[in-house]
Visitor: 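The structure that follows is given in the form of structure tokens.
Here the structure is a predicted model, which means the values were calculated and not measured.
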Amino acid sequence: MSNRDIAIIGMAGRFPGAPDIDRYWANLRDGVESIRPLTDEELLAAGVLQAELDDPSYVKVCPVLEGIDLFDAAFFGFNPREAAVMDPAHRLFLEVAWEAMEHAGHTALPHEGMVGVFAGSGAPYYLMDHVRRDRSLMRSMGEFLVRHTNNDMNFLAPRVSYQMDLRGPSVNVQTACSTALVAVHMACESIRLGDCDLAIAGGSTVLIPDRQGYMYQE
């Protein structure tokens, strides 16, 4: 290998119909359809109006990401209340970052070198549509704590670095639909420049509610 060659040595991910990378590749190989039909009960529970369900243009299918309500808070040092207000996209990214490092066979401890994080997430709908509507929660925790430590897009990468004690660059990336790919590019450049020895790169978006169809438009 030349001094400019960079290897991907570990991967992890969560996808609709696939809780890990192995299942994801198997689904692609076997042509598995991961967009599934939704029942009226699921749609109503997600807040869809009966009038929408009765509309023949409403399509009752969705790619469902399982387990977005699950998080091993104690493992990462969060109390239950902190975990409850944290955006599911941030929770999942933290877990997947840990899994990726394990998959790579590294501990991320300082003696293994500097580890950088380059990542981006989608808009904080969980904060806007759910957390902020709980007035008692907002009064008890405060706007700053809820927004800045648990939901803001600007804390996705730094939180991983802080929780995993990573010492390399920690950069949030926001380039719309190309965010995760740009994060990989920036991670490679950071390694080439000697800013870090290893890097975690990726993106995370979770839509809440997660079981909604859509209105067909010609």
Side-chain angles (χ1 to χ4, degrees), residues 12-21 24 34 42 45-48 62-101 116-166 169-184 186-187 200-212 214:
R14 310 274 180 88
F15 309 91
D20 52 45
I21 290 292
Y24 179 68
S34 295
E42 287 179 300
V48 179
C62 180
V64 176
L65 183 62
E66 300 290 350
I68 63 172
D69 57 333
L70 305 177
F71 179 59
D72 193 348
F75 180 81
F76 290 103
F78 292 102
N79 64 48
R81 196 179 196 198
E82 288 177 312
V85 299
M86 186 187 299
D87 192 309
H90 290 230
R91 298 181 215 152
L92 287 179
F93 190 79
L94 184 55
E95 290 184 330
V96 169
W98 187 280
E99 292 170 7
M101 192 59 66
V117 181
F118 299 83
S121 62
Y125 291 119
Y126 184 71
L127 169 66
M128 296 185 290
D129 296 340
H130 298 275
V131 177
R132 292 198 68 187
R133 293 186 179 185
D134 188 332
R135 301 176 74 88
S136 63
L137 173 66
M138 294 302 297
R139 282 195 301 269
S140 63
M141 293 193 70
E143 178 82 19
F144 181 88
L145 184 62
V146 169
R147 183 177 71 249
H148 283 76
T149 62
N150 292 297
N151 288 281
D152 194 283
M153 294 184 292
N154 292 320
F155 287 82
L156 181 71
R159 175 184 290 109
V160 170
S161 297
Y162 178 77
Q163 296 298 142
M164 295 176 60
D165 193 25
L166 308 180
S170 191
V171 181
N172 291 296
V173 183
Q174 294 294 337
T175 61
C177 296
S178 61
T179 292
L181 185 58
V182 172
V184 172
M186 293 181 68
I200 297 171
S204 179
T205 295
V206 177
L207 298 181
I208 303 292
D210 65 322
R211 286 168 169 78
Q212 292 200 42
Y214 63 94

Visitor: Output, in order, the C-alpha distance, side-chain angles, deciding distance and verdict of side chain to side chain contact (heavy atoms under 4.5 Å, CB included) for Y126 and V206.
Guide: CA-CA 9 Å; Y126 184 71; V206 177; over 6 Å; no
Visitor: In Å, rounded to the nearest 0.5 Å, how long is the span from CE of M101 to CG of L166?
Guide: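 Answer for the CE-CG pair, M101 versus L166, is 6.0 Å.
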Visitor: Return the minimal non-hydrogen interatomic distance between A12 and A100, and the atom names on each side.
Guide: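 In terms of heavy atoms, the two residues are closest at CB-N, 3.6 Å.
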Visitor: To the nearest 0.5 angstrom, please state how far the CE atom of M86 sits from the CG atom of L94.
Guide: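 The CG atom of L94 is 7.0 Å from CE of M86, to the nearest 0.5 Å.
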Visitor: Compare all side-chain heavy atoms of M153 with those of P124 and state whether any distance is below 4.5 angstrom.
Guide: yes
Visitor: Between A89 and S204, what is the shortest heavy-atom contact and its length?
Guide: O-OG, 2.7 Å
Visitor: Hey, are the side chains of L65 and P16 touching, using non-hydrogen atoms and a 4.5 Å cut-off?
Guide: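 Side-chain contact under 4.5 Å: yes.
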Visitor: Grab the two heavy atoms, one from L207 and one from Y125, that are nearest each other, plus how far apart they are.
Guide: CD2-CD1, 4.4 Å
Visitor: In Å, rounded to the nearest 0.5 Å, how long is the span from CG of L137 to NE2 of H130?
Guide: 13.0 Å
Visitor: Shortest non-hydrogen contact from A97 to V160?
Guide: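 Nearest heavy atoms, A97 then V160: CB-CG1, 3.9 Å.
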Visitor: Starting from the C-alpha separation in whole Å, work towards a yes-or-no answer on side chain to side chain contact (heavy atoms under 4.5 Å, CB included) for D129 and I208.
Guide: CA-CA 8 Å; D129 296 340; I208 303 292; over 6 Å; no
Visitor: Under 30°, 30 to 60°, or over 60°: which ring-plane class applies to F15 and Y24, parallel, tilted or perpendicular?
Guide: parallel
Visitor: Answer yes or no: are there more than 12 heavy-atom neighbours, outside Y214 itself, under 6.0 Å from its atom OH?
Guide: no
Visitor: Do D87 and L127 have side chains that approach each other closer than 4.5 Å (heavy atoms only, starting at C-beta)?
Guide: no
Visitor: Quick one: CZ on R81 to CE on M141, what's the gap to the nearest 0.5 Å?
Guide: 5.5 Å
Visitor: Partners of E82 by salt bridge (Lys or Arg N to Asp or Glu O under 4.0 Å), sequence neighbours excluded?
Guide: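 Partners of E82 by the salt bridge (Lys or Arg N to Asp or Glu O under 4.0 Å) criterion come out as none, since no residue qualifies.
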Visitor: Looking only at heavy atoms, which two atoms of V131 and V85 are closest? And how far apart?
Guide: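 Closest approach of V131 to V85: CG2-O, 4.0 Å.
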Visitor: Quick check: are there more than 12 heavy atoms from other residues, nucleotides or ligands sitting under 6.0 Å from CZ of F76?
Guide: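 Atom CZ in F76 is packed in, count exceeds 12.
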Visitor: Are the side chains of P63 and S34 in touch, meaning some heavy atoms are under 4.5 Å apart?
Guide: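 Result no, sub-4.5 Å side-chain heavy-atom pair not found.
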Visitor: Grab the two heavy atoms, one from A201 and one from A187, that are nearest each other, plus how far apart they are.
Guide: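 Looking at all heavy atoms of both residues, the shortest contact is CB-CB, 3.9 Å.
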Visitor: Holding to salt bridge (Lys or Arg N to Asp or Glu O under 4.0 Å), I want the full list of residues that pass it with R14, two or more places apart in sequence or in another chain.
Guide: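 R14: salt bridge (Lys or Arg N to Asp or Glu O under 4.0 Å) contacts with E95, E99.
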Visitor: Nearest 0.5 Å, please: how far is CG in D210 from CD in E66?
Guide: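 E66 atom CD to D210 atom CG measures 7.5 Å (nearest 0.5 Å).
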Visitor: Any chance you could measure R159, atom CZ, to D152, atom CG, to the nearest 0.5 Å?
Guide: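 If I round to the nearest 0.5 Å, the distance is 9.5 Å.
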Visitor: Tell me, do H90 and N151 make a side-chain contact under 4.5 Å, heavy atoms counted?
Guide: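 No, their side chains stay 4.5 Å or more apart.
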Visitor: Taking the cut-offs as 6.0 angstrom to the six-membered ring centre and 45 degrees off its axis, would you call R91 and F78 a cation-pi pair?
Guide: no
